[in-house]
Amino acid sequence: MARSDVICGLDIGTTKTATVIASVAKDGSMDVTGFGVAPSFGLRKGVVTDLEETVKSVEAAIENAERMAGVHISDAFVGITGEHIKSLNSHGIVAVSGDDREVVPLDVKRVVDASTIISLPAERQLVHSLPREYLVDGQNGITDPIGMSAARLEVDTHIVTAGSSFVANVLKCVHRAGIEPRGVIFEPLAAGAAVLLPEERNAGVVLIDIGGGTSDIAVYWGGGVYHTWTVPVGGNIITNDIALGLKTSFSEAENIKQLYGTADVTTDVAEETFEVKALSGRTTRSAAKSFLRQIIVARMNEIFKIVRANLAENCPPEVMLAELVLTGGGAQLAGIDVLAADFFDLPARIGVPMHVGGLTDTIKHPAYAATVGLVLFGAKADGALQAPHRNGKSPWSRVSSWVSEIFG
Ligand SMILES: Nc1ncnc2c1ncn2[C@@H]1O[C@H](COP(=O)(O)OP(=O)(O)OP(=O)(O)O)[C@@H](O)[C@H]1O
Ligand SMILES: [Mg+2]
């Protein structure tokens with residue numbers, strides 16, 4: 001970890017911007033010292049559509065967190081998501097360079113870099129190259145090859161790339177809010193860092209971060225990341241369906257979803273009803289909970305179907321999946337774990353942020369999984385683009401110089 005013992009994560013979502021400030025102890029453990037949240041109106045499906053609104057939201061969230069932590073923040077790890085983000089699995093191979101043929105950190109860096117030599121269109125940029133396993137003279141299953149004797153070093157990596165202009169627009173907002181981007185992190189990887197246990201990552205787990213505008217997927221297998229993807233729909237589409245189905249406003253539909261909504265088809269709600277405000281807000285009428293559940297389950301199953309088809313396409317049979325973890329604000333929907341377990345035929349649980357101390361009451365909430373994960377992932381910077389080594393050769397330095405070209 002570089003630079004300082006205070007680290008900040010900035011999660012600019014479709015419904016809210018959330019910021020976590022954490023202090024990092026010498027042993028790497030972290031305490032959350034500040035947390036700030038502000039409504040976000042400048043994004044659609046993870047993509048900035050209104051710069052000014054987004055800047056305002058970032059400023060407010062940062063200010064709240066700074067006030068709580070009593071520190072001034074000048075840089076942050078920034079989460080990104082959206083359909084423009086693509087991923088693939090790659091392989092790198094190098095000859096071990098030293099005379100004694102012992103793998104040193106430079107060999108590891110060289111082999112990971114070798115795996116990132118892929119043809120990228122000019123408008124795309126590399127965001128992550130995440131080693132999953134190393135092979136030493138053909139022997140697989142190695143997680144840390146440093147110190148081993150070998151002639152040849154290989155690596156399997158998961159590579160994440162993003163549309164450069166989409167990233168630039170997020171970073172432009174961050175910069176205008178007075179924050180220097182320290183690195184960008186694909187949101188489901190951040191969420192995974194916060195809510196998963198090492199055992200789950202080893203056994204094979206699908207993480208789904210259901211936000212307002214997107215549902216981000218990350219598949220971990222054999223300890224590393226095997227697949228990542230973004231579905232451009234989240235909890236807001238359910239609220240829309242409810243608003244249409246019950247002929248009411250979006251905000252009333254959101255209240256109803258949170259108060260009476262459930263995706264659990266195993267419980268009996270046959271006779272139960274609730275009151276719905278008409279669009280005018282002046283009159284109310286009653287509606288059946290079973291109808292509300294029908295709307296929710298239909299849409300949720302549709303999202304799950306899209307995820308299942310994508311998993312079938314991208315995860316071969318040897319990638320055994322033992323569990324499903326649901327997180328993000330959308331995972332607060334009552335009974336969603338029951339529905340998901342039945343749909344995917346896998347045990348399912350709700351993921352809340354772990355692995356940090358400090359103000360945990362405030363942040364132990366599925367909606368803040370990615371926010372907390374940004375500091376956890378950022379601190380390790382495992383394959384994350386690291387902040388501006390000025391004149392360095394890291395992929396980030398390309399982004400950084402190009403970012404400073406934009407900002408002048
Ligand atoms: N109790 C609840 N029941 C059902 N859904 C809920 C509940 N609380 C929040 N949500 C839903 O969670 C969603 C917001 O989740 P989250 O805060 O993770 O989104 P975001 O990070 O702003 O968006 P994104 O990640 O898509 O950019 C909304 O669609 C909201 O309706
Ligand atoms: Mg989110």
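Computed from a predicted model, the values in this text were never measured in an experiment. Ligands are counted one by one from 1 in listed order, and the atoms in each one are counted from 1 as well.
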| request: Tell me yes or no: between the side chains of Asp264 and Thr262, is some donor less than 3.5 Å from an acceptor? | output: no
| Only one of Asp241, Ile242, Thr239, Asn301 clears side chain to side chain contact (heavy atoms under 4.5 Å, CB included) with Ile296; which? | Ile242
| Any donor-acceptor pair under 3.5 Å linking the side chain of Thr54 with the backbone of Asp50? | yes
For ligand 1, output the ligand-protein N/O contacts shorter than 3.5 angstrom; if there are none, return none.
residue  : atom   : partner : partner atom : Å
ligand 1 : 8 (N)  : Gln258  : NE2          : 3.4
ligand 1 : 8 (N)  : Gln332  : NE2          : 3.2
ligand 1 : 10 (N) : Gly329  : O            : 3.3
ligand 1 : 12 (O) : Gly329  : O            : 3.4
ligand 1 : 12 (O) : Gly330  : N            : 3.1
ligand 1 : 15 (O) : Gly329  : N            : 3.4
ligand 1 : 17 (O) : Lys16   : NZ           : 3.0
ligand 1 : 18 (O) : Gly329  : N            : 2.8
ligand 1 : 19 (O) : Thr15   : OG1          : 3.4
ligand 1 : 19 (O) : Gly212  : N            : 3.1
ligand 1 : 21 (O) : Lys16   : NZ           : 2.9
ligand 1 : 22 (O) : Thr14   : N            : 3.3
ligand 1 : 22 (O) : Thr15   : N            : 2.8
ligand 1 : 22 (O) : Thr15   : OG1          : 2.6
ligand 1 : 22 (O) : Lys16   : N            : 3.1
ligand 1 : 23 (O) : Thr14   : N            : 3.2
ligand 1 : 23 (O) : Gly212  : N            : 3.0
ligand 1 : 26 (O) : Thr14   : OG1          : 3.4
ligand 1 : 26 (O) : Gly212  : N            : 3.1
ligand 1 : 26 (O) : Gly213  : N            : 2.8
ligand 1 : 26 (O) : Thr214  : N            : 2.9
ligand 1 : 26 (O) : Thr214  : OG1          : 3.2
ligand 1 : 27 (O) : Thr14   : N            : 2.8
ligand 1 : 27 (O) : Thr14   : OG1          : 2.8
ligand 1 : 29 (O) : Asn236  : N            : 3.2
ligand 1 : 29 (O) : Asn236  : OD1          : 2.8
ligand 1 : 31 (O) : Glu254  : OE1          : 2.9
ligand 1 : 31 (O) : Glu254  : OE2          : 2.5
ligand 1 : 31 (O) : Lys257  : NZ           : 2.7

| query | Do side-chain atoms of Glu272 reach the backbone of Lys289 as a donor and acceptor pair under 3.5 angstrom? | reply | no
Please table the atom pairs, donor to acceptor, closer than 3.5 Å between any side-chain atom in residues 302-309 and protein atoms at least two apart or in another chain.
residue : atom : partner : partner atom : Å
Glu302  : OE2  : Arg299  : NH1          : 3.3

| query | Is a side-chain donor-acceptor pair under 3.5 Å present for Ser286 with Thr273? | reply | no
